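We count ligands from 1, going down the list as the structure has it; atoms in each ligand are counted the same way. As the structure is a prediction and not an experimental result, all values here were calculated from the model.
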Amino acid sequence: MTVLVPTMGALHKGHQALIKRARELDKEVVVSIFVNPLQFSDTADLEKYPRTPETDIQIATLAGATQVWFPTYEEIYPNDPIQISAGAVGDLYEGATRPGHFAGVLTVVNRLFEIVKPSAAVFGEKDFQQLWLVKRHFKKIEIVSVPTVREFDGLALSSRNVRLTESDRAAASIISKALQEPNRMHEILATEPAFKLDYAEIIDEKTFQLASATTQNKRAIIAGWVNGVRLLDNAVVESNS
Ligand code: PAF
């Protein structure tokens, strides 16, 4: 059987961790690299998305990929794609800022699954809402998640980080600092003037709704911008915090 690691390229250590995990699950690992226009509501963001195919092949192969696959748009969408609805949770948080984003994600993941027919697929915890929606939607394929890989200062690895200058990088580390103290997230984020907040909330992992006093598994989710670069991150909230 095959394990699929769906990506949009610009691979980094976070993707390496996904590929390594996939290799633990099976000896056939397909890494797909496809920048999916359907999940971008902003064409400028789509155009600026980093594309590094040569290094991607090296990184994926070194991490254990047995096939690095760059499908064309026509391969993925031979006909006008019928978008898969991401439901009400798809309109919250990331979906509120990026309308149609999660429908685009579910639609491409569905096509990748139809073509590759994997037994399992590996996704990062960094895009927690994406992971949650994928797990809810695809029940016949094992969805395996891998914890976020971080820089020395806690910044979650992301393909978008290459667009951050050195001072942006320093400002961006406020996100992981805030996640360490979920009850003071807003206060901590407000200390960094370069960080423009979109949302910082504690949600119930089961429902993706705001957590209440009785919620068992809580997760703090944060998103915002530093110098026009959108950044997001999340962390488990320990029950004693
Ligand atoms: O997380 C990503 O890189 C993308 O959203 C995915 C899952 C590859 C779908 O295009």
Enter the distance from Leu92:CG to Phe102:CZ here, rounded to the nearest 0.5 Å. 9.0 Å

Measure the distance from atom 7 (C) of ligand 1 to every protein heavy atom, then report the residue, atom name and distance (to 0.1 Å) of the closest one. Gln130 NE2, 3.5 Å

Identified salt bridge (Lys or Arg N to Asp or Glu O under 4.0 Å) partner of Asp233 from the options Arg219, Lys126, Lys177, Arg150: Arg150

Numbered in order shown, the ligand 1 atoms found under 4.0 Å of a heavy atom of Thr7 are 8 (C)

Glu114, CD: over 12 other non-hydrogen atoms inside 6.0 angstrom: yes

Using a strict 4.0 Å cut-off to heavy atoms of Met8, name the atoms of ligand 1 that fall inside it. 3 (O), 4 (C), 8 (C), 10 (O)

Is there a side-chain contact between Val35 and Leu46, using heavy atoms and a 4.5 Å cut-off? yes

My understanding is that only residues two or more places apart in sequence, or in another chain, count here; which of them pass ring-ring contact (aromatic ring centres under 6.0 Å, His included) with His12? His15

Polar contact flag for Gln39 and ligand 1 (N/O pairs, less than 3.5 Å): yes

Would you list the atom pairs, donor with acceptor, under 3.5 Å between side chains in residues 190-197 and any protein atom, with sequence neighbours excluded?
| residue | atom | partner | partner atom | Å |
| --- | --- | --- | --- | --- |
| Thr191 | OG1 | Ile188 | O | 2.5 |
| Glu192 | OE2 | Ala194 | N | 3.0 |
| Lys196 | NZ | Pro193 | O | 2.8 |

Under 4.0 Å from ligand 1, counting heavy atoms only, is it the side chain of Val134, its backbone, both or neither? neither

Pull out every atom of ligand 1 sitting under 4.0 Å from any heavy atom of Val108, numbered as shown with elements. 9 (C), 10 (O)

Suppose I only count heavy atoms of Pro6 and a 4.0 Å limit; which atoms of ligand 1 are within that range? 8 (C)

